**Q** 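First the structure, which I've put down as structure tokens, then a few questions once you've had a look.
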2 protein chains.
Amino acid sequence: MSTKGEKTRAEIIASAKTLFYERGYAGTSFSDIVDAAGIYRGNIYHYFKTKDEILQAVVDQRLDEFRALLAQWEAQSSQPKERLRLFVNMIAGRKNDLVRYGCPIGTLNTELAKEQRELQQSSKALFDLFCDWLTSQFAALGHAKEARSLALHLLCRAQGISVVSHVYEDAKLLKREVGKLGTWLDEL
Amino acid sequence: MSTKGEKTRAEIIASAKTLFYERGYAGTSFSDIVDAAGIYRGNIYHYFKTKDEILQAVVDQRLDEFRALLAQWEAQSSQPKERLRLFVNMIAGRKNDLVRYGCPIGTLNTELAKEQRELQQSSKALFDLFCDWLTSQFAALGHAKEARSLALHLLCRAQGISVVSHVYEDAKLLKREVGKLGTWLDEL
DNA sequence: GTCTATATAATGATAGAC
DNA sequence: GTCTATCATTATATAGAC
């Protein structure tokens, strides 16, 4: 667990994270990862026994990043509606990546849910993270009873925007739909 | 182009269609297809030179099926709002497959849009088919100016429902969200 | 912890006898 | 149009020298 080893490990995870997002999990090979990480072929097995283990490490890192983001939103405002707006605004803020590669959470889960339900279990945690947080915000807004239902509705809307604007590579469509989502939030 | 050859070809397409849907395009190999079709390994190349050609044939067949479905809806009602309701009802009607494998159009496009934009061009036609038809219905409903925007909004909503209920394998969520979509249509 | 060589299985794809 | 054998390539994965 020297400094050098930790750095190599971090580079593998960083490369895999990007590649899984840009090419998909099945579309990314060990060769792709070691090439991107700038390490030697067999070396990757010193850190990860299987491709699944790499995925787990990538998911864990994304979980950490998103937890930090949620903490930042909570620090930014104590108003639940304001916080929900930060979630909606994030979609527009990330429009370039969303339009090019889709939602990193949605596309990963969509791929893994097809025929690898065991593998998908870990990536589903990314959905749960946002779902739980959104549920808390809707509850704080006074919709305790239907908080989870509203959170899932918002996730559906966000995912739908990501899918269609990704398919059509259409940032204008994304912004228009995010606007409608903001209106829905206002009128709640 | 004998009867037997046509039958073999049809079996390849049918097997590939199911496998691409259930396992994804990258997740399906030639071996999988020939095994499912019950033909011999090399034989598939008599009908299709590449995997891409098989995908094209699968997409063409889906296009034919969906065109027939749209024609059926048009025959079923002359009221645009009734027709739009048939679209929304289709989601609930196909909930078992949607919850297990996602939307056959959305998941295919999501996968191919990642790093194979050329390949995705053909599968995008499936989206266009529905988008154009929905646009016509919204126009006939008196929303000529924003017909396309409404059609894309409906597609976003439908895709979002498919993604999230697929990820959570949750048919109840799907039905609840389809209900909300029906309300949106009513209040239009 | 790094690097080279290699094993083994699966991939997409072909050639040619029948 | 059917079937067998096989190719070249790539994949995941390992062993072992350094």
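In the text below, chain A, chain B and the rest are named by the order of the sequence lines, each starting its count at 1. All values derive from a computational prediction rather than experimental measurement.
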**Q** Can you name the ring-ring contact (aromatic ring centres under 6.0 Å, His included) partners of A/Y40, sequence neighbours left out?
**A**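 For A/Y40 there are no ring-ring contact (aromatic ring centres under 6.0 Å, His included) partners, ignoring immediate neighbours.
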**Q** Please identify each residue that fulfils side chain to side chain donor-acceptor pair (under 3.5 Å) with B/T50, with sequence neighbours left out.
**A**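 Side chain to side chain donor-acceptor pair (under 3.5 Å) check on B/T50 returns nothing, list empty.
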**Q** Around B/K180, counting heavy atoms of other residues, nucleotides and ligands shown, do more than 12 lie under 6.0 Å from its NZ?
**A**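 Yes, enclosed.
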**Q** May I have the list of side-chain donor-acceptor pairs in residues 108-115 of chain B shorter than 3.5 Å, sequence neighbours left out?
**A**
unit_1: B/N109; atom_1: OD1; unit_2: B/Q120; atom_2: NE2; d: 3.1
unit_1: B/N109; atom_1: OD1; unit_2: B/S123; atom_2: OG; d: 3.4
unit_1: B/N109; atom_1: OD1; unit_2: B/K124; atom_2: N; d: 3.4
unit_1: B/N109; atom_1: ND2; unit_2: B/I105; atom_2: O; d: 3.0
unit_1: B/N109; atom_1: ND2; unit_2: B/S123; atom_2: O; d: 3.0
unit_1: B/T110; atom_1: OG1; unit_2: B/G106; atom_2: O; d: 2.8
unit_1: B/E111; atom_1: OE1; unit_2: B/Y25; atom_2: N; d: 2.8
unit_1: B/E111; atom_1: OE2; unit_2: B/Y25; atom_2: N; d: 3.3
unit_1: B/E111; atom_1: OE2; unit_2: B/A26; atom_2: N; d: 2.7
unit_1: B/K114; atom_1: NZ; unit_2: A/Y21; atom_2: O; d: 2.4
unit_1: B/K114; atom_1: NZ; unit_2: A/Y101; atom_2: O; d: 3.3
unit_1: B/K114; atom_1: NZ; unit_2: A/T107; atom_2: OG1; d: 2.9

**Q** Does B/Y47 place a side-chain N or O at less than 4.0 Å from the phosphate oxygens OP1/OP2 of D/dT2?
**A**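 Looking at the OP1 and OP2 atoms of D/dT2, one of them is under 4.0 Å from a side-chain N or O of B/Y47.
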**Q** Considering residues at least two apart in sequence or located in another chain, which fulfil the side chain to side chain donor-acceptor pair (under 3.5 Å) criterion with A/R176?
**A**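 In terms of side chain to side chain donor-acceptor pair (under 3.5 Å), with neighbours along the sequence ignored, A/R176 is linked to B/S149.
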**Q** Using whole Å, report how far CD1 of A/I33 lies from P of D/dA13.
**A**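 In whole Å, D/dA13 P and A/I33 CD1 are 11 Å from each other.
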**Q** I'd like to check the ring-ring contact (aromatic ring centres under 6.0 Å, His included) partners of B/F138; sequence neighbours left out, ordered by chain and number.
**A**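 If we apply the ring-ring contact (aromatic ring centres under 6.0 Å, His included) test to B/F138, skipping adjacent residues, there are no hits.
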**Q** Just how far, in rounded Å, is P of D/dT12 from CD1 of A/I44?
**A**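 It works out to 9 Å between those atoms.
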**Q** Please report, rounded to the nearest Å, how far the P atom of C/dT2 is from the CG atom of A/N43.
**A**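 From A/N43 CG to C/dT2 P: 5 Å.
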**Q** How many Å lie between CG on A/L55 and C1' on D/dT12, as a whole number?
**A**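 Nearest whole value for this atom pair: 16 Å.
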**Q** Go through D/dG1, D/dT14, C/dA13 for me and flag the one nearest to the B/H46 side chain.
**A**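 For the B/H46 side chain, the nearest candidate turns out to be D/dG1.
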**Q** Using ring-ring contact (aromatic ring centres under 6.0 Å, His included) as the criterion, list what pairs up with A/F66, not counting sequence neighbours.
**A**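 Per chain and number, A/F66 pairs via ring-ring contact (aromatic ring centres under 6.0 Å, His included) with A/F130.
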**Q** What integer distance in Å separates B/L19:CG from C/dG12:P?
**A**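 After rounding, the reported distance stands at 12 Å.
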**Q** Run the ring-ring contact (aromatic ring centres under 6.0 Å, His included) test against B/H143 and tell me which residues pass, sequence neighbours left out.
**A**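 With neighbours one apart ignored, the set is empty.
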**Q** So how far is it from B/L86 CG to B/E74 CD, rounded to the nearest 0.5 Å?
**A**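 Answer rounded to 0.5 Å: 10.5 Å.
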**Q** Just need the stems in DNA chain C: three or more back-to-back Watson-Crick or G-U pairs, each with both distances under 3.5 angstrom, sorted by first number.
**A**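 When the pairs of DNA chain C are grouped into runs of at least three, the stems are C:1-7 with D:12-18, C:9-18 with D:1-10.
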**Q** Report all interatomic pairs (protein N or O, nucleotide N or O of nucleotides 6-11 of chain D) with separations under 3.5 Å.
**A**
unit_1: D/dA11; atom_1: OP1; unit_2: A/S29; atom_2: OG; d: 3.4

**Q** Select one nucleotide: of D/dC3, D/dT14, C/dT14, the one nearest the side-chain heavy atoms of B/Y45.
**A**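 Taking heavy atoms from C-beta onward, the closest nucleotide is C/dT14.
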**Q** Can you check the B/R9 CZ to D/dT2 C1' distance for me, whole Å?
**A**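 Between C1' of D/dT2 and CZ of B/R9: 17 Å.
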**Q** If you check every side-chain atom of B/T50, which of D/dT2, C/dG1, C/dA13 has the closest atom?
**A**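 Nucleotide nearest to B/T50's side chain: C/dA13.
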**Q** Whole angstrom is fine here: how far is it from CD1 in A/I12 over to P in C/dG1?
**A**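 Rounded to the whole Å, the gap is 11 Å.
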**Q** Would you say B/Y40 reaches C/dA17's phosphate, i.e. side-chain N/O to OP1/OP2 under 4.0 Å?
**A**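 Checking C/dA17 against B/Y40, no side-chain N or O comes under 4.0 Å of OP1 or OP2.
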